[in-house]
Amino acid sequence: MKDFNKLLKHYRLSLSEYELIKKSLGRDLKPIEWPLFSALWSEHCSYKSTRVHLKNLYTKNKCVLQGPGENAGVIDIGMGEKVAFKMESHNHPSFIEPTQGAATGVGGILRDIFTMGARPMASMNYLCFGASNNNLTPKLLTNVVKGIGGYGNCVGVPTVNGQTTFHESYNNNILVNAFSLGLYQKGEEIFYGKASGAGNLIVYAGAATGRDGVHGAAMASESFDEDSEKKKPNVQIGDPFFEKLLIEACLEVMHKNLVVGLQDMGAAGLTSSTFEMASRAGTGLKIDLKKIPLREPDITPEEILLSESQERMVLIVEPKNINEVIKVFKKWDLECSEIGEITNGHLVELYWGDELLTEISHKPLVDEAPKYNRAFKKPEPSPVEEINIKLKNDVKTEVLKLLSHHHLTTREWIYTQYDQQVGAKTMYACDDYVAQLVLPQTERVLGMALGCRPLMMQWDVSCGAKDSIILPVLQMASRGVKALAVTDCLNFGNPEKEKIMGQFVEALESMNEACRQFDTPVISGNVSLYNETLGENIIPTPATAVVGIKEKVNTFPKPYVEKEGLEIYLVGLKDEKLWQGEWNYLNGMKPKGEGFVNLKDCVSLQKCFLQLSEFTSASQVIGRLGLLRALARLTEKDHKNLNEKDLGVGLEINFNEEGRGEETSLFCERFYSALWCVEPRYSEKLEKIVLEHKNLKFKKIGISKGSTLKFNEHFEINLKDLNNALKRGLSEITLE
């Protein structure tokens, strides 16, 4: 009995799951079947705690060509073009080994994209680290950024946007979420991860198999404890130069129509890729594990099945094309070998040379994996509270102090380590909240933005989850980009706890409600659970990435003011609410708010923003630290090229809100508003457009002028001091 319990613990299976397996098979498990069930029934692969809720997501509309269920989602963006994109987590590996964990997160998400037949065009990342005074944060921050930059820069795909947050709930469980997007040229087809066609060959391509990443999927499906450091062997090692070759070889055989289907060997390696491909196609497989190219000769069949060695693919090839496929991969100096064939039925036969290790249906492993409807208790709505900020110090001192804090400074230290321009398609990247890339064939603009403010999730799960959709959609609209679809990475704690499962259910329902209102379906994504260490769970963090299109390339609006004489408007909802988030957190208090807003009003705001973007000179959606930070960002004229003679254009603001103090108006976040800067000849046009929307309002609050930021009589700060504060960066909490 003791040995049996050790077996269950080693393979991360519960006793009830073991009994379920025995009942399904009608017999006990063979030795090689333990690792199969361990991997495919893990939370990471089976989504056993969330499938009952994920099925309710809004996933289809007229532009969706492929929704959830494949390696990535695909949408039609018009004019014969389409894009594939997805977001995934690499949280646990990045905490254990930050450089390689983050690097292989980038590599893995890139493979999800080109596996679908799209050429990777851009990457983004969503990162959450612990508090700055946590002794792990400098090492983790420095090395995660090193891993992302090192892999992305070498593979030749630009990293065009990101979001980085610090909070003590991530002290021992950081989040590293990777996003990638690929473009199909006109006429290029979507490829699928299906093992179809009895008699077709199963082909292994890419790097040789090693022991790295064994049991990685199961490890990512459990909470951390004091033994987490011992799990370093579970983290994979990546090679971006090898990945670049793999991209070119795979795209070549796809575009030459030499493959029927293909799948990358991601979580659970060869096991998940082959069994899931067979399940999708309803076919069987026959594989000889002795034919797998190996880095080490003594690797066991179990290690081969579970290895998560990087840069490996499974291809399904018709026999007539096998020689040509091998020739293509040989040209790119890559391994390529036949390891089996597709069979009729639903049985998977695994051989070790002439020895049959198992003959098992893929149905109990994939289709019949457990589906738990876990007990949950939804969080109570946060109370509506009065918002009121009164400063002890003078406002100017407080402004510079806050803007120079690592929570609020620009992320320049991070993104200058990324190649943002490779491929020559990037218009705007990491120094704006919306990345914009020119589509080479149609000369339209593709826009991408990230969402989720953890402090808002801490305040109210439902409001924060809606905001993870609303804010990036509005940010894109402020640049003239119409949001089309969403991918997400749902990072939560231990689902076996009713409170945590309730947070997940509440967040998913709220995100879904927002997606329906904006008609932005969720076409792909990832769930990362068990983000818990020693019983402490992270703030629920449903990270999102929104993708959209701008039909014509133009220069409007910019993220900063370029000339004097522009009139500055604050445009927002009539039923606007304030939220006291960043200011409270930095002053040791919990976030609080006046309540939330109507989603239909936010749709009106999106439509208005898209209209205003056609003629306005500059804009900033009000986000973290409210009006203050948005005003400061408007003065950051092309800050990469700032010099003493040209520090940008200042702003003179005269703004008072009825019933609110000036400090409250300045430091609080808003649901929802944006600053718009227009030439005087367009002022009447702006006002007319806003008034056409009965639920919106505007107020003219100032003018671009001089070389200072002046706010009422409260303060006047020269742009050099302001930019120094904003650009202070993160150097004080890194190893450098």
Side-chain angles (χ1 to χ4, degrees), residues 53 128 131 165-170 175 376-390 407 451-474 488 490-495 497-515 517 531-532 536-544 572-602 605 621-627 659-661 663-665 667-673:
H53 303 287
C128 294
T165 297
F166 298 89
H167 191 276
E168 53 270 17
S169 83
Y170 308 107
L175 302 184
F376 62 85
K377 184 178 180 181
K378 287 189 177 183
E380 293 291 329
S382 292
V384 173
E385 299 181 77
E386 182 183 356
I387 300 300
N388 188 23
I389 293 177
K390 291 289 185 182
H407 267 256
C452 188
R453 293 187 269 185
L455 285 180
M456 195 173 298
M457 292 297 299
Q458 182 185 25
W459 170 58
D460 186 283
V461 170
S462 177
C463 298
K466 290 174 185 174
D467 179 78
S468 73
I469 303 296
I470 298 169
L471 185 62
V473 166
L474 294 180
D488 58 36
L490 307 176
N491 306 277
F492 287 79
N494 186 342
K497 297 179 178 179
E498 287 188 9
K499 176 183 174 183
I500 304 302
M501 198 65 213
Q503 291 173 345
F504 179 87
V505 174
E506 182 70 42
L508 196 70
E509 290 176 356
S510 298
M511 289 174 63
N512 205 33
E513 187 182 348
C515 286
Q517 286 292 336
N531 290 290
E532 175 190 61
E536 294 295 322
N537 288 273
I538 64 165
I539 293 174
T541 313
T544 61
L573 301 179
K574 277 185 179 177
D575 185 28
E576 185 183 61
K577 306 292 186 184
L578 293 191
W579 173 66
Q580 209 167 308
E582 291 286 349
W583 193 91
N584 273 23
Y585 179 68
L586 296 179
N587 285 278
M589 298 181 290
K590 290 184 178 180
K592 64 179 183 177
E594 292 178 341
F596 205 59
V597 293
N598 185 293
L599 278 170
K600 290 183 179 179
D601 290 347
C602 295
L605 201 59
V621 174
I622 295 175
R624 291 186 300 153
L625 203 62
L627 186 61
R660 288 173 176 159
E663 294 160 357
T664 301
S665 296
F667 292 113
C668 285
E669 288 86 351
R670 294 166 183 267
F671 300 134
Y672 286 94
S673 297

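Quick note: numbers below take in every heavy atom, side chains included, and nothing from hydrogens, waters or symmetry partners.
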Taking side-chain hydrogen bond (donor to acceptor under 3.5 Å, both in side chains) as the definition, give me every residue that meets it alongside [X], ordered by chain and number, with sequence neighbours left out.
| X | value |
| --- | --- |
| Gln580 | Asn584 |
| Glu594 | Arg660 |
| Asn512 | none |
| Thr165 | none |

Could you tell me which residues satisfy side-chain contact (heavy atoms from CB on, under 4.5 Å) with [X], sequence neighbours excluded, listed by chain and number?
| X | answer |
| --- | --- |
| Thr544 | Ser468, Ile469, Pro472, Val486, Asp488, Met511 |
| Glu509 | Lys378, Val505 |
| Ser382 | Trp459, Asp460 |
| Asn388 | Glu386, Lys390, Thr664 |

Side chains of [X] and [Y], heavy atoms from C-beta outward: is any pair under 4.5 Å?
| X | Y | value |
| --- | --- | --- |
| Arg670 | Leu578 | yes |
| Tyr170 | Leu175 | yes |
| Phe492 | Thr541 | no |
| Lys499 | Asn537 | no |
| Cys463 | Phe671 | no |

By salt bridge (charged side-chain N to carboxylate O under 4.0 Å, His left out) - contacts of [X] (at least two apart):
| X | value |
| --- | --- |
| Glu168 | none |
| Asp467 | Arg453 |
| Arg624 | none |
| Glu663 | none |

Distance (rounded to the nearest 0.5 Å) between [X] [atom1] and [Y] [atom2]:
| X | Y | atom1 | atom2 | result |
| --- | --- | --- | --- | --- |
| Ile387 | Trp583 | CD1 | CH2 | 11.0 Å |
| Lys466 | Met456 | NZ | CE | 12.5 Å |
| Phe667 | Ile389 | CZ | CD1 | 7.0 Å |
| Lys592 | Cys668 | NZ | SG | 8.5 Å |
| Ser510 | Leu599 | OG | CG | 9.0 Å |
| Glu506 | Leu508 | CD | CG | 10.5 Å |

Closest non-hydrogen atom pair, [X] against [Y]:
| X | Y | result |
| --- | --- | --- |
| Leu474 | Val621 | O-CG2, 3.7 Å |
| Gly623 | Glu669 | O-CG, 2.8 Å |
| Ile500 | Pro495 | CG2-N, 4.4 Å |
| Cys452 | Pro454 | O-CD, 3.4 Å |
| Pro542 | Leu490 | CB-CD2, 3.7 Å |

Any donor-acceptor pair under 3.5 Å from Asn587 side chain to Met589 backbone
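No; judged by distance alone, with no hydrogens or angles, the pair does not exist.
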
Side chain of Glu582, backbone of His407: donor and acceptor closer than 3.5 Å?
no

Please state whether the rings of Tyr585 and His167 are parallel, tilted or perpendicular, taking 30° and 60° as the class boundaries.
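Correct class here is parallel.
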
For Glu576, does the CD atom have more than 12 heavy-atom neighbours from other residues, nucleotides or ligands under 6.0 Å away?
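Yes, the 6.0 Å shell around CD holds more than 12 heavy atoms from other groups.
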
Tell me if the centroids of the rings in Phe504 and Phe376 come within less than 6.0 Å of each other.
no

For side chain to side chain contact (heavy atoms under 4.5 Å, CB included), just list the numbers for Phe596 and Ile470, CA-CA rounded to whole Å, side-chain angles, deciding distance to a tenth of an Å, and then say yes or no.
CA-CA 12 Å; Phe596 205 59; Ile470 298 169; 3.9 Å; yes

